[in-house]
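The chains referred to below are lettered A, B, ... by the order of the sequence lines, with proteins before strands, and numbering in each begins at 1. This one's a predicted model, so the numbers in the text were calculated from it and none came from an experiment.
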Amino acid sequence: MNVQFKKGVLDLCVLSLLSRRACYGYEIVQEISETVEISEGTIYPLLRRLKKEGHLETYIRESTGGPPRKYYRLTESGSAFEHRLREEWFSFVGEVNRFLGDEDERTFE
Amino acid sequence: MEKSEFLERLKSRLNSLPDDEVQEIVADYEEHFAAGVEAGRTEAAIAAALGDPDELGKQLLAASHIENAERTGSFSALCRAALATLGLGLFNFCIALAPIVVVASIIFAIFMTGVSLVFGGIVALIVTAVPSIIPAGMTVVMPFETPLARIATAVGLIASGLLVTVGSVYPARFFVRAMARYVGMNLSVVRRAYGNEM
């Protein structure tokens, strides 16, 4: 997938995942890297930024048989941000699809 | 690359950050390695998937300095942010250097004008109060004959100087924040240029 596409949607993917359930870092990285091909290390700077911007908060929870883990969840502002990005994404994709549709008709006339 | 080498290389890139922030960052990656090993992957495989620790460190460093400059509006924080971003190989910043220097100079000039007014006012006040302080052979030219008018002038100078000095702080803060945002924008351009390294 085109690199510029990936960057734009990474925030949205992480926020959307966390809007469904709280996750720990490794989980987030695995879920995201299944969909978007990225260097896994880059998820952590993104999580730090979203946390500093107040969209995420973290808490520590014991894991079964392992060390305690840091979980991430959405704040109220994060939830609003996720909704806004989601709407922007769908309206953007819709517009591009319409445009590409027009292009296709022109090409195949 | 094993976990220890990955973390060491990452840490060595972050040495200009506060200790607690470095520990937080390192702890995140340590937890990642632990969870990966638990899931049955080797340290080498986990490190490879994480990407180049040097690139990662540079990105984290620049992002942290930019965030700091934006939050505090401090000029030294802005310089550190600019330097950290330059470490990523930026040209945009150099092109923008001329206007940045001009605006910074204007703000600095306004600030110095205020300081000079205050200084002049203080000197005028002292000279009026203690005329004997003037060294022999030196002439001090002051408008107005009466001491009262001179003191009023001096106080006026100090007051307007303070006003100008304090007033220059606001555009300076605004300027630093705007610059921090600009540097941050460049950083996102670099992220794209770096492709997978974000």
Side-chain angles (χ1 to χ4, degrees), chain A residues 1-14 17-18 21-73 85, chain B residues 1 3 6-7 9-10 13-14 17 21-41 45-68 70-71 88 184 187-198:
Chain A
M1 201 218 272
N2 182 304
V3 171
Q4 296 199 28
F5 288 172
K6 286 184 210 170
K7 301 306 168 202
V9 297
L10 223 44
D11 279 23
L12 176 56
C13 289
V14 169
L17 170 63
L18 293 175
R21 60 189 167 94
C23 292
Y24 56 94
Y26 187 79
E27 247 183 315
I28 300 174
V29 171
Q30 294 314 305
E31 295 263 355
I32 299 296
S33 62
E34 263 172 37
T35 318
V36 191
E37 196 189 307
I38 37 135
S39 280
E40 296 185 351
T42 59
I43 297 282
Y44 289 98
L46 186 150
L47 290 171
R48 290 185 69 76
R49 177 166 52 78
L50 288 173
K51 190 185 170 187
K52 276 183 182 167
E53 287 168 358
H55 297 314
L56 300 183
E57 56 189 8
T58 56
Y59 60 96
I60 304 292
R61 196 200 285 165
E62 301 291 328
S63 66
T64 42
R69 280 179 179 145
K70 185 155 113 182
Y71 278 77
Y72 296 82
R73 68 178 161 217
L85 282 184
Chain B
M1 195 191 329
K3 169 185 157 186
F6 181 93
L7 293 179
R9 274 169 63 181
L10 181 66
R13 287 279 169 192
L14 302 176
L17 291 186
E21 195 168 352
V22 176
Q23 271 164 22
E24 254 182 59
I25 292 171
V26 170
D28 282 348
Y29 288 105
E30 267 174 349
E31 194 193 296
H32 184 88
F33 271 104
V37 168
E38 211 177 294
R41 294 164 79 191
I46 299 164
L50 280 175
D52 182 358
D54 295 308
E55 272 330 308
L56 210 51
K58 280 191 215 168
Q59 295 289 347
L60 282 159
L61 190 68
S64 171
H65 282 316
I66 288 167
E67 194 264 339
N68 195 24
E70 228 177 300
R71 187 165 41 83
L88 294 168
L187 188 66
S188 61
V189 173
V190 178
R191 277 180 193 149
R192 281 181 203 140
Y194 267 105
N196 272 2
E197 303 301 341
M198 184 165 174

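Residue B/Glu24 holds its CD atom at 8.0 Å from OG1 of A/Thr58, rounded to the nearest 0.5 Å. Note that the OH atom of A/Tyr44 and the CG atom of B/Leu60 stand 12.0 Å from one another [nearest 0.5 Å].
Heavy-atom distances place the side chain of B/Ala39, and not its backbone, under 4.5 Å from chain A. Using a 4.5 Å cut-off between heavy atoms, A/Glu27 does not touch chain B at all. Using a 4.5 Å cut-off between heavy atoms, B/Leu10 makes no contact with chain A at all. Only the side chain of B/Tyr29 comes within contact range of chain A, judged by heavy atoms closer than 4.5 Å.
Of all non-hydrogen atoms in B/Gly51 and A/Ser39, the two that sit nearest each other are CA-OG, 4.1 Å. For B/Leu56 against A/Pro45, the heavy-atom pair with the smallest separation is CD1-CG, 4.4 Å.
A/Arg69 has a carboxylate O that lies under 4.0 Å from a charged side-chain N of B/Glu38, or vice versa, which qualifies the two as a salt bridge. A salt bridge is absent between B/Glu31 and A/Lys70: the closest approach of a Lys/Arg side-chain nitrogen to an acidic carboxylate oxygen does not fall below 4.0 angstrom. Taking the charged nitrogens against the carboxylate oxygens, B/Glu21 and A/Lys52 do have a contact shorter than 4.0 Å, which makes a salt bridge.
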* **Audit row: B/Gln59, A/Thr42, side chain to side chain contact (heavy atoms under 4.5 Å, CB included) steps and yes/no** => CA-CA 9 Å; B/Gln59 295 289 347; A/Thr42 59; over 6 Å; no

